[in-house]
Amino acid sequence: PEIDKEDRECDISMTRTDVTLTERQPQRRMKKMMRPTSTKYSFDYAFWSVDSYKVAPDGAFVPAKEDTEYASQQFVYESLVWPLLDSFLEGYNCSLFVYGVPRGGKSYCITGHGPNEGIFPRFFKSLFKKLADFDSQHPSKNDKKNWQIMMSAVEVYNEKVFDLTKGQADRPAEG
């Protein structure tokens with residue numbers, strides 16, 4: 001039977017590495033119930049941040065219970081970015097790709113807001129703290145290093161690349 005796209009509903013279940021989408025068929029337009037179709041997608045990491053959280057006294061969103069799948073900004077940072085920091089300081093080029101559907105939380109994950117800092121603010125705070133710690137542990141002029149850090153942030157949207165380090169006014173209107 002034909003079903004309008006607008007009538008489709010989908011259940012989402014997740015683990016830390018898999019996302020399963022199960023399409024539910026609305027019964028009101030069908031004489032017999034069709035078997036739901038499920039599609040499973042596997043990733044290195046999959047983070048759930050829609051619900052199952054509470055607001056901590058400092059305003060940060062934290063898991064409501066220990067056994068919840070909710071991934072806080074801190075958890076995402078510690079899982080993905082923190083392991084890259086030492087490699088970055090050893091001179092390796094590091095890249096991080098954030099992928100998802102429109103309005104899926106990619107920008108929020110990168111920048112965050114208030115006490116729910118995203119990847120960028122957490123990364124730069126950690127980076128500059130590590131650099132300061134290195135300099136304080138090596139007070140001799142001979143042990144000091146000069147650091148040169150280059151960074152870029154781009155968005156790919158409709159096969160166009162936008163530089164996110166430019167102000168909004170400097171970007172094309174369609175981006």
Side-chain angles (χ1 to χ4, degrees), residues 12-21 40-138 143-172 175:
I12 302 171
S13 61
M14 292 181 67
T15 66
R16 291 287 182 212
T17 58
D18 298 312
V19 177
T20 303
L21 304 177
K40 181 178 177 180
Y41 301 93
S42 295
F43 302 93
D44 291 333
Y45 296 94
F47 298 110
W48 181 261
S49 61
V50 177
D51 55 16
S52 305
Y53 66 88
K54 64 182 179 182
V55 180
D58 67 355
F61 301 143
V62 296
K65 297 183 249 175
E66 283 190 33
D67 63 346
T68 184
E69 290 293 325
Y70 176 77
S72 67
Q73 293 282 63
Q74 180 69 29
F75 182 82
V76 172
Y77 176 76
E78 289 172 356
S79 299
L80 293 177
V81 183
W82 181 255
L84 295 176
L85 189 57
D86 286 331
S87 297
F88 180 78
L89 290 171
E90 291 170 7
Y92 290 95
N93 290 325
C94 297
S95 297
L96 179 69
F97 295 93
V98 179
Y99 176 81
V101 299
R103 303 195 46 80
K106 299 174 298 296
S107 295
Y108 178 74
C109 183
I110 294 294
T111 59
H113 184 266
N116 297 293
E117 292 179 317
I119 289 170
F120 277 4
R122 290 175 192 271
F123 175 79
F124 286 111
K125 283 181 181 178
S126 300
L127 172 65
F128 292 122
K129 181 177 181 338
K130 281 193 173 248
L131 295 178
D133 289 348
F134 179 87
D135 285 343
S136 67
Q137 293 169 3
H138 301 87
D143 290 336
K144 292 221 182 241
K145 290 189 175 187
N146 289 321
W147 302 94
Q148 181 179 6
I149 300 166
M150 293 183 291
M151 175 248 163
S152 63
V154 296
E155 173 185 10
V156 179
Y157 181 75
N158 283 340
E159 299 183 21
K160 293 180 184 174
V161 178
F162 301 97
D163 183 350
L164 297 179
T165 61
K166 290 184 177 182
Q168 190 72 30
D170 297 330
R171 286 189 243 152

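The first residue of the sequence shown is numbered 1, and numbering continues consecutively from there.
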Quick one: are [X] and [Y] in side-chain contact, heavy atoms under 4.5 Å?
X    : Y    : result
M14  : F43  : no
R122 : Q74  : yes
T15  : T20  : no
I149 : F128 : yes
V76  : Y45  : no
D163 : S152 : no
S42  : D18  : yes

Would you give the length of the straight line joining atom [atom1] of [X] to atom [atom2] of [Y], rounded to the nearest 0.5 angstrom?
X    : Y   : atom1 : atom2 : result
S79  : Y77 : OG    : OH    : 11.5 Å
F47  : F75 : CZ    : CZ    : 6.0 Å
Y92  : S87 : OH    : OG    : 7.0 Å
K40  : S13 : NZ    : OG    : 9.0 Å
K130 : F88 : NZ    : CZ    : 12.5 Å
N93  : L84 : CG    : CG    : 11.5 Å

Under a 4.0 Å N-O cut-off, is there an ion pair linking E155 with K106? no
Strictly distance-based, threshold 3.5 Å: is any side-chain N or O of Q73 a donor or acceptor partner for the main-chain N or O of P115? no
So does A60 get a backbone contact from the side chain of D58, meaning a donor-acceptor N/O pair under 3.5 Å? yes
Is D133 atom CG crowded by more than 12 heavy atoms from other residues, nucleotides or ligands, each under 6.0 Å away? yes
Any idea which heavy atoms bring D44 and T17 closest together, and the distance? O-CG2, 3.5 Å
Indicate the atoms forming the closest heavy-atom contact of V19 with A46, along with that distance.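 Closest pair (atom of V19, atom of A46, distance): CG2-CB, 3.9 Å.
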In terms of the angle between their ring planes, are Y53 and F61 parallel, tilted or perpendicular, with boundaries placed at 30° and 60°?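 Rings of Y53 and F61: tilted, as their planes differ by 30° to 60°.
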